[in-house]
Amino acid sequence: MLDKHLILWPMAALAALTFFVLTVMPFVRVVAVRSGKARVSDFKLGESERVPERARIINRNYMNLLELPLLFYVACLIAFADNRVNALTLGLAWVFVGLRYAHSLVHLTINKVLLRLALFASAATVLLGLWAAIFWQIAGH
């Protein structure tokens, strides 16, 4: 059995990515407003069609980092709290985080939809594996 605290590192790495995107988002929005490509009111209900694509993509990526990763954080906390951190769960956690970094990199740069989909689906599959591994252990197998 590994030190259960090791599971906190992939959680911290994913949180760091989330905070990075959150930090970039307002700067891109301010640039859009200052350049006249958007008005402050365009952000009143989220985004209007006037908001430049770059600002919308960053916002969408940020929302992505708050959706599926929620299940990742919960799984990691279950593994931590129930002493289920082992090489498999830790490895799956790191693979998930790596895939989410890759997804964000693609989303925020070249934004190739099929590549993003492949990365997203791979991450979701790894996350399912993480949940299965944790509950397989809990079930006593």
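Model, not experiment: these values are computed from the prediction.
- Residues in residues 131-141 take part in no salt bridge (Lys or Arg N to Asp or Glu O under 4.0 Å) pair, two or more places apart or across chains.
- Taking the salt bridge (Lys or Arg N to Asp or Glu O under 4.0 Å) definition, one finds that Arg39 meets it with Asp42, sequence neighbours left out.
- Heavy atoms from other residues, nucleotides or ligands lying under 6.0 Å from CZ of Phe120 number 12 at most.
- In this view, Val126 and Leu92, Val95, Phe96, Leu99 satisfy the side-chain contact (heavy atoms from CB on, under 4.5 Å) rule, not counting sequence neighbours.
- Atom NZ of Lys37 has 12 or fewer neighbouring heavy atoms from other residues, nucleotides or ligands inside a 6.0 Å radius.
- Phe135 is not connected to Leu128 by any chain of hydrophobic side-chain contacts under 4.5 Å among Ile, Leu, Val, Met, Phe, Trp and Tyr, and they are in different clusters.
- When every heavy atom of Ile138 is checked against every heavy atom of Arg84, the shortest pair comes out as CG1-NE, 3.7 Å.
- By the ring-ring contact (aromatic ring centres under 6.0 Å, His included) test, Phe43 is found to be paired with no residue, residues two or more places apart in sequence or in another chain being considered.
- Under the side-chain hydrogen bond (donor to acceptor under 3.5 Å, both in side chains) criterion, the residue pairs touching residues 107-130 are Asn61-His107, Asn111-Arg116, with sequence neighbours excluded.
- In this structure, CG on Leu108 lies 8.0 Å from CD1 on Ile57, to the nearest 0.5 angstrom.
- Legend: residues meeting ring-ring contact (aromatic ring centres under 6.0 Å, His included) with Trp94, ordered by chain and number and at least two apart, are absent.
- Placement of Val106 and Leu117 in two distinct hydrophobic clusters is found when ILVMFWY residues are connected by side-chain heavy-atom separations under 4.5 Å, directly or transitively.
- Listed by chain and residue number, nothing satisfies the ring-ring contact (aromatic ring centres under 6.0 Å, His included) test with Tyr73 (two or more places apart in sequence, or in another chain).
- Applying the side-chain contact (heavy atoms from CB on, under 4.5 Å) rule to Glu67 yields the partners Arg60, Met63, Asn64; only residues at least two apart in sequence or on another chain are considered.
- Within the 4.5 Å cutoff, no side-chain heavy atoms of Ile58 are placed close to those of Tyr62.
- Between Val51 and Ala38, the shortest heavy-atom contact is CA-CB, 4.2 Å.
- Ala75 and Ile134 get closest at one heavy-atom pair: O-CD1, 3.2 Å.
- Applying the salt bridge (Lys or Arg N to Asp or Glu O under 4.0 Å) criterion to Glu49, with sequence neighbours excluded, gives Arg56.
- A donor-acceptor contact shorter than 3.5 Å is absent between the side chain of Arg100 and the backbone of Leu68.
- For the pair Thr89 and Gln137, the minimum side-chain heavy-atom distance is below 4.5 Å.
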For a quick test of your reading: what N or O donor-acceptor pairs under 3.5 Å do the side chains of residues 5-33 make, sequence neighbours left out?
from: His5; atom 1: ND1; to: Asp3; atom 2: OD1; distance (Å): 2.9
from: Thr18; atom 1: OG1; to: Leu14; atom 2: O; distance (Å): 3.0
from: Thr23; atom 1: OG1; to: Phe19; atom 2: O; distance (Å): 2.7
from: Arg29; atom 1: NH2; to: Asn59; atom 2: OD1; distance (Å): 3.1

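- In the hydrophobic clustering (ILVMFWY side chains linked at under 4.5 Å, chained through shared members), Leu105 stands by itself.
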